[in-house]
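Everything numeric here is computed off the predicted structure, so don't read it as measured data. All residue numbers refer to positions in the sequence shown, counting from 1.
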Amino acid sequence: QVRLVESGGESVQAGGSLRLSCAASGLTYSGNCMGWFRQAPGKEREGVARIYTGDGVTVYAESVKGRFTISQDNAKATVYLQMNRLKPEDTAMYYCALRVGLCGTWYSASWRYWGQGSQVTVSS
């Protein structure tokens, strides 16, 4: 059974930093796409950052470029999202997801497995 277990969500002040973690199990980690999505109240789910586990190539949403960094530890089959200079607009439920084989789109239906979600709240 494939599992994506998230951790690290909490409340922080604007300008602060936070790191989310997502541990994958139940499948071959290498050769897939791992990503982070977020959904704020009243808004659609949006892609934040993704990484191809095979070569480490990353893609970021324009809204988080320069502030967020996605990285991975292949030995631990874990992906991280380092969030710096957080803004109130970053407040959302953050979801880890895995797409099998390819890493070229944010299209939600293409991402087969999802974590349970981690709440990130940024106050001003």
Any idea which heavy atoms bring [X] and [Y] closest together, and the distance?
| X | Y | result |
| --- | --- | --- |
| Y29 | N74 | CE2-ND2, 3.6 Å |
| C96 | L4 | O-CD1, 3.9 Å |
| S108 | W114 | O-CZ2, 3.9 Å |
| N32 | G101 | OD1-N, 3.0 Å |
| D55 | V57 | OD1-N, 3.0 Å |
| V122 | T91 | N-OG1, 2.9 Å |

Flag the pair [X] / [Y] as yes when at least one side-chain heavy-atom distance between them is below 4.5 Å, and no otherwise.
| X | Y | answer |
| --- | --- | --- |
| W36 | C22 | yes |
| V2 | R112 | no |
| M34 | Q72 | no |
| D73 | V79 | no |
| V48 | Y60 | no |
| V100 | Y113 | yes |
| R67 | K87 | yes |

Self-check item: Pairs touching residues 67-109 that satisfy ring pair (Phe, Tyr, Trp, His ring centres under 6.0 Å), sequence neighbours left out
Solution: F37-W106

Side-chain donor-acceptor distances from residues 10-20 under 3.5 Å, at least two apart:
| from | atom 1 | to | atom 2 | distance (Å) |
| --- | --- | --- | --- | --- |
| Q13 | NE2 | S123 | OG | 3.1 |
| S17 | OG | N84 | OD1 | 2.9 |

Quiz item: Is atom CD of E89 surrounded by more than 12 heavy atoms (other residues, nucleotides or ligands) closer than 6.0 Å?
Solution: yes

Practice problem: Check salt bridge (Lys or Arg N to Asp or Glu O under 4.0 Å) between E62 and all other residues, then give those that pass, not counting sequence neighbours. | Solution: K65

Quiz item: Could you give the distance from OG (S118) to CZ (R38), rounded to the nearest 0.5 Å?
Solution: 14.0 Å

